[in-house]
Amino acid sequence: MRTAPTVLHLDMDAFFAAAEQAAKPSLRGKPVVVGGLGPRGVVSTASYEARRFGVHSAMPMAQARRLAPNAAYLVPRFTLYRAVSEQVMGLLRGLSPLVEPLSLDEAFVDLEAGGSAHDTASALAAGERLRRDIKELTGLSGSVGLAGSKMLAKIGSEQAKPDGLVLIEPGTERELLGPMTVRTLPGVGPTTGEHLRRAGMTTVSDLAEAGEDELVRLLGRAHGTSLYRMARGHDERPVVSEREAKSVSVEDTFDTDLHDRVRVRTEVDRLAERCVRRLRDSGHSGRTVVLKVRRYDFSTLTRSETLRGPTDDPGVVREAAGRLLESVDTTGGVRLLGVGVTGLADFTQEDLFAQAAAREREAAEHAGPADGEGRGDAAAEGGAGEGHAPREGASPAAGAGAPPLPGPFGAVGASEPSEERRFPAGHDVLHAEFGPGWVQGSGLRRVTVRFEEPGSTPGWVRTFWADDPDLELSEPLPLVPGTDEPRQSSWPASRPKFRSESRSERAAGPSGGSGDGRARP
């Protein structure tokens, strides 16, 4: 344990929802819920205004809509969140070389290692300065905990929420921890917590009084010893700057169960492509391909295949996932699919590329020229083309010609692929005449856009046809104009130009109309 509170924990406040409120002036101060909008979607983040209605993360979206029917419900925009996260992490790296990110919105910092703090006063000054810098750079707030260990720093940031700072002086740990629930300690989840409750231990002081031998008897040597030390306020875990990734995976939960075997295979191919993109973005390759299938009855099956060497070739991963699918019975229906790669390495087994190319040539020779239009890639079998790739956690469109099904992209059918362009609720758009805005709702071949941007006043609404050539999806703008430097690479280098609205058009006002109400402010 350190004698000075030089371990800092930062946790951004309601990060996804707060970023959406900062980007959309009309939503500031109003309840905002971010997550999957389908019937089986779950809440990713809820703003503090929405939390007053009882909405919280991991809650089913249907339940959230019942609790807060007038909230704005938005699809996540990870491009924006990653860009803001990189700005925040840049500030943390300015404090110390030892920064341990836990997620996009959370990280530990060793202030002592960077010379940013050595006692209580300097640690407090560094924490306050960090909060001010984050506000100036991103327009968002973050809560800071300062303590002599990672465990206590995280507890401090929880107590500081929202938009606060809590410093826990070394030497006061046991007094602070005593009345807290056992679930406060790292490594105590629902199962362990229930096991301890049955043994009569509900608070941290109960664990300390029980003694190490009793906890070892209940939980085993490693877990029991660690829990006893933490209950007494001891946490020697260092801040580690690099957290080695163990796997890369993606998965989708579908609004309605998939029964068509061809459709299931198409979704597996899409997931394999997305998984490889994420694998390459992380600079890794992988040796083992994993397929996850959750069936209609919630039973979950996993299958894996280990390759001869690491690869980041989409064809190899796609074929391996397809082979794994052949061993799974999907006749009853599939509600979730996932594809992952484990056994990560930072190099690629070159001969696997040659194998993939050889298989493609062989398939082409056997198929003949007439098969060119029916090849089994994602684009040919109903997959979205460039710019229309399905988002993580969202159900892809199945097509037109069938009764419409609800989904985050408006009405979608269930057989042939739809040609209608998709405009997810909350995503940025750019109109050639009216400029930047965001999708307030979409459906019935219409898109309702609110024209406003970060730093502007609340904007006005106009409705367009979904196939309007002047309307297109756009990359997000910085939350604070002019703050994308010197980290300009986090944001798009340029945006398409648009014509200014004429004075006569502004006087005429926007056309009315509404979409499906998914993002009603």
Side-chain angles (χ1 to χ4, degrees), residues 16 19-20 22-27 34-38 44 72-84 252 270 273-274 277 281 378-379 382-397 400 407-412 417-454 456 459-479 484 490-499 510 513-521:
F16 293 178
E20 297 296 349
K24 302 172 173 61
S26 60
L27 296 184
V34 180
L37 301 188
S44 176
Y73 290 87
L74 307 175
V75 175
R77 295 190 297 160
F78 289 103
T79 300
L80 170 65
Y81 310 147
R82 290 189 185 102
V84 178
D252 274 348
R270 287 175 175 170
E273 297 281 352
R274 285 166 51 196
R277 283 199 298 270
D281 289 344
E386 184 178 356
H388 298 274
R391 188 168 298 94
E392 294 170 29
S395 296
F409 303 106
V412 298
S418 171
E419 297 300 327
E420 181 179 341
R421 293 193 297 165
R422 303 170 186 173
F423 290 89
H427 278 230
D428 287 278
V429 294
L430 188 69
H431 193 275
E433 187 170 354
F434 303 121
W438 58 278
V439 178
Q440 185 166 304
S442 64
L444 300 177
R445 298 177 58 204
R446 295 175 176 86
V447 182
T448 299
V449 178
R450 184 177 288 274
F451 288 99
E452 60 186 7
E453 54 187 297
S456 73
W460 44 269
V461 175
R462 188 181 291 265
T463 299
F464 305 89
W465 291 110
D467 58 359
D468 189 330
D470 289 338
L471 185 68
E472 60 183 8
L473 288 171
S474 173
E475 295 292 338
L477 287 169
L479 299 184
D484 51 333
S490 297
W491 300 99
S494 62
R495 294 169 64 90
K497 298 183 181 298
F498 56 90
R499 302 191 303 276
S514 62
D516 63 359
R518 296 187 188 281
R520 187 183 302 111

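As the structure is a computational prediction, the values presented were derived from the model and not from experiment. In what follows, every heavy atom counts, from backbone to side chain, and hydrogens, waters and symmetry copies are set aside.
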Can you measure from [atom1] ([X]) to [atom2] ([Y]) and round to the nearest 0.5 angstrom?
{"X": "Phe434", "Y": "Asp470", "atom1": "CZ", "atom2": "CG", "value": "8.5 Å"}
{"X": "Leu471", "Y": "Glu433", "atom1": "CG", "atom2": "CD", "value": "12.0 Å"}
{"X": "His427", "Y": "Leu473", "atom1": "NE2", "atom2": "CG", "value": "8.0 Å"}
{"X": "Glu453", "Y": "Lys24", "atom1": "CD", "atom2": "NZ", "value": "12.5 Å"}

Practice problem: Please identify each residue that fulfils side-chain contact (heavy atoms from CB on, under 4.5 Å) with Asp467, with sequence neighbours left out. | Solution: Arg445, Trp465
Exercise. Would you please name every residue forming a side-chain contact (heavy atoms from CB on, under 4.5 Å) with Pro454, sequence neighbours left out?
Key: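 Counting only residues at least two positions away or on another chain, Pro454 forms a side-chain contact (heavy atoms from CB on, under 4.5 Å) with Ala23, Leu477.
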Quiz item: Testing Ser26, Pro25, Pro436 for side chain to side chain contact (heavy atoms under 4.5 Å, CB included) with Ser456, which one passes?
Solution: Pro25
Quiz item: Is a salt bridge present between Arg82 and Asp281, judged by a nitrogen-to-oxygen distance below 4.0 Å?
Solution: no
Self-check item: Nearest heavy-atom neighbours spanning Gly426 and Trp438
Solution: CA-CE3, 3.9 Å
Quiz item: Minimum heavy-atom separation for Tyr81 to Pro76, with atom names?
Solution: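 Nearest pair, atom of Tyr81 first, then Pro76: OH-CA, 3.7 Å.
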Taking the side chain as every heavy atom from C-beta outward, state whether [X] and [Y] have any pair of such atoms under 4.5 Å apart.
{"X": "Leu74", "Y": "Leu27", "result": "yes"}
{"X": "Gln440", "Y": "Phe423", "result": "no"}
{"X": "Arg421", "Y": "Val447", "result": "no"}

Exercise. Specify whether Phe464 and Phe451 have parallel, tilted or perpendicular ring planes, treating 30° as the upper limit for parallel and 60° as the lower limit for perpendicular.
Key: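 Aromatic pair Phe464/Phe451 classed perpendicular.
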Quiz item: Going through the distances and angles, do Arg462 and Val449 end up as a side chain to side chain contact (heavy atoms under 4.5 Å, CB included)?
Solution: CA-CA 6 Å; Arg462 188 181 291 265; Val449 178; 5.8 Å; no
